[in-house]
Trainee: 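Please see the structure below; I have some questions.
Order of appearance sets the numbers: ligands from 1, and atoms from 1 within every ligand. FYI, side chains are in, hydrogens and waters are out, and symmetry mates aren't considered; it's all heavy atoms of this structure.
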Amino acid sequence: MSGRFDGKVALVTGAGSGIGAACAARLAAEGACVGVLDLRTAGARATAAAIRARGGTAMALTCDVSDDKQVEEAVATLVTSFGRVDVLHSNAAVLDHGVYGRDRELETLDVAVWDRTMEVNLRGAMLMVKHTVPVMPDGGAMVLTSSVSALVGDTVHAAYGASKAALLGFTRYVATMYGTRGIRCNAVAPALVLTPAAERALTPDQLAVKQAERLLPWACSVDDVASLVAFLCSDEARCLTGQTLVIDSGTLAHRPQHAVE
Ligand code: ADP
């Protein structure tokens, strides 16, 4: 295998499933040694095993990204084996504390749901950056996973949307603080990625509404997001920093037709 990340060390959080798993696999396929970090040991191990089965190099790391000590230890473990971290993809997140719709009404919102969402989605990204920056060589790259929920309002998951919006500000701060070292930091903002689990969670009517919102006839897959993340982490994006790249098949680029007079 050879590619854009030959000889590089990458760390991907939330890599036990979904977008994170696809990004870890993509970075490994293009030559990176990958730290596959997730709260769920089984998920991290499965992603790492799949990478190794294809001839890549991966280390599974069990860690809660919201815990300062655990993040410090996970980064240290990776660095002990691989020496440094050239690429960070901070992607671990929770949506409504795992229960869809639990923060639908603000009047009855359980503050524990709000706090846990902020802890994982926002503090988790900050802790990953905090502990990775000291072991990242100049010229390294970071990508934070945000969401279209950061850019437009919705009647559900206010905590999630607020946490993902805060990440966009944090992205610009990280880009500003470490730009002189050639360290870049960008955010990706995907729309709902159609995984089998997402398709099962939505009704046919909800899926039809989602499709009607897209300009393109197809939804984004986890591999589409991985392509964008790999580009942003590569030298091809050497002049991009502090940016948010929306990947949504054209959902936010227009007003829905029923809204046009
Ligand atoms: P998506 O479809 O957007 O990729 P997933 O729920 O499949 O969303 O992925 C989020 C990943 O983040 C999961 O693998 C989950 O276990 C992981 N995760 C959630 N909370 C934490 C946490 N506190 N620390 C580390 N990983 C976490």
Trainee: Heavy atom under 4.0 Å from ligand 1: found in Arg123's side chain, backbone, both, or neither?
Mentor: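 For Arg123, no heavy atom sits under 4.0 Å from ligand 1.
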Trainee: If you count the atoms of ligand 1 from 1 in the order shown, which ones are under 4.0 Å from a heavy atom of Gly18?
Mentor: 4 (O), 7 (O)
Trainee: Can you list the residues that meet the side-chain contact (heavy atoms from CB on, under 4.5 Å) rule with Gln243, with sequence neighbours excluded?
Mentor: Asn186, Leu240, Leu245
Trainee: Among all protein non-hydrogen atoms, which one is nearest to atom 26 (N) of ligand 1, and what is the separation to 0.1 Å?
Mentor: Leu39 N, 3.2 Å
Trainee: Should the proximity of Val65 to ligand 1, defined as any heavy atom under 4.0 Å, be assigned to the side chain, the backbone, both, or neither?
Mentor: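 The answer is both.
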Trainee: Of the choices Val225, Asp38, Ile19, Asp67, which has the non-hydrogen atom that lies closest to atom 15 (C) of ligand 1?
Mentor: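 Nearest heavy atom to atom 15 (C) of ligand 1 lies in Asp38.
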Trainee: Do other residues, nucleotides or ligands put more than 12 heavy atoms under 6.0 Å from the CZ atom of Arg214?
Mentor: yes
Trainee: Any Lys/Arg nitrogen of Asp64 or Arg116 sitting under 4.0 Å from an Asp/Glu carboxylate oxygen of the other?
Mentor: yes
Trainee: Given 3.5 Å as the limit, does a donor-acceptor pair link the side chain of Thr13 with the main chain of Asn91, or not?
Mentor: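 Flag set: sc Thr13 to bb Asn91 pair under 3.5 Å.
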Trainee: Are Ser221 and Asp223 close enough that a side-chain donor and a side-chain acceptor fall under 3.5 Å?
Mentor: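 No, Asp223 and Ser221 have no side-chain donor paired with an acceptor closer than 3.5 Å.
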Trainee: Just to confirm, does any protein heavy atom lie below 4.0 Å from atom 9 (O) of ligand 1?
Mentor: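 Looking at atom 9 (O) of ligand 1, one finds that a protein heavy atom does lie closer than 4.0 Å.
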Trainee: At a 4.0 Å threshold, what atoms of ligand 1 neighbour a non-hydrogen atom of Arg116?
Mentor: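 Within the 4.0 Å cut-off of Arg116, ligand 1 contributes 23 (N).
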Trainee: Do you see a donor-acceptor pair shorter than 3.5 Å between the side chains of Ser227 and Asp224?
Mentor: no
Trainee: Checking His89 against Thr145: is there a side-chain donor and acceptor pair closer than 3.5 Å?
Mentor: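 Their side chains do contain a donor-acceptor pair, which is all the 3.5 Å distance test asks for.
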Trainee: Taking the basic N atoms (NZ, or NE/NH1/NH2) and the acidic carboxylate oxygens, is any pair closer than 4.0 Å for Arg84 and Asp86?
Mentor: yes
Trainee: As an exercise, identify every atom of ligand 1 less than 4.0 angstrom from a heavy atom of Ala93.
Mentor: 10 (C), 12 (O), 19 (C)
Trainee: I'd like to check which ligand 1 atoms, numbered from 1 as shown, lie under 4.0 Å from a non-hydrogen atom of Asp64.
Mentor: 22 (C), 23 (N), 24 (N)
Trainee: Could you check atom 6 (O) of ligand 1 against the protein and tell me its nearest heavy-atom contact, residue, atom and distance included?
Mentor: Ser17 OG, 4.4 Å
Trainee: Pick whichever of Ala198, Gly14, Ala74, Cys63 has a heavy atom sitting closest to atom 25 (C) of ligand 1.
Mentor: Cys63
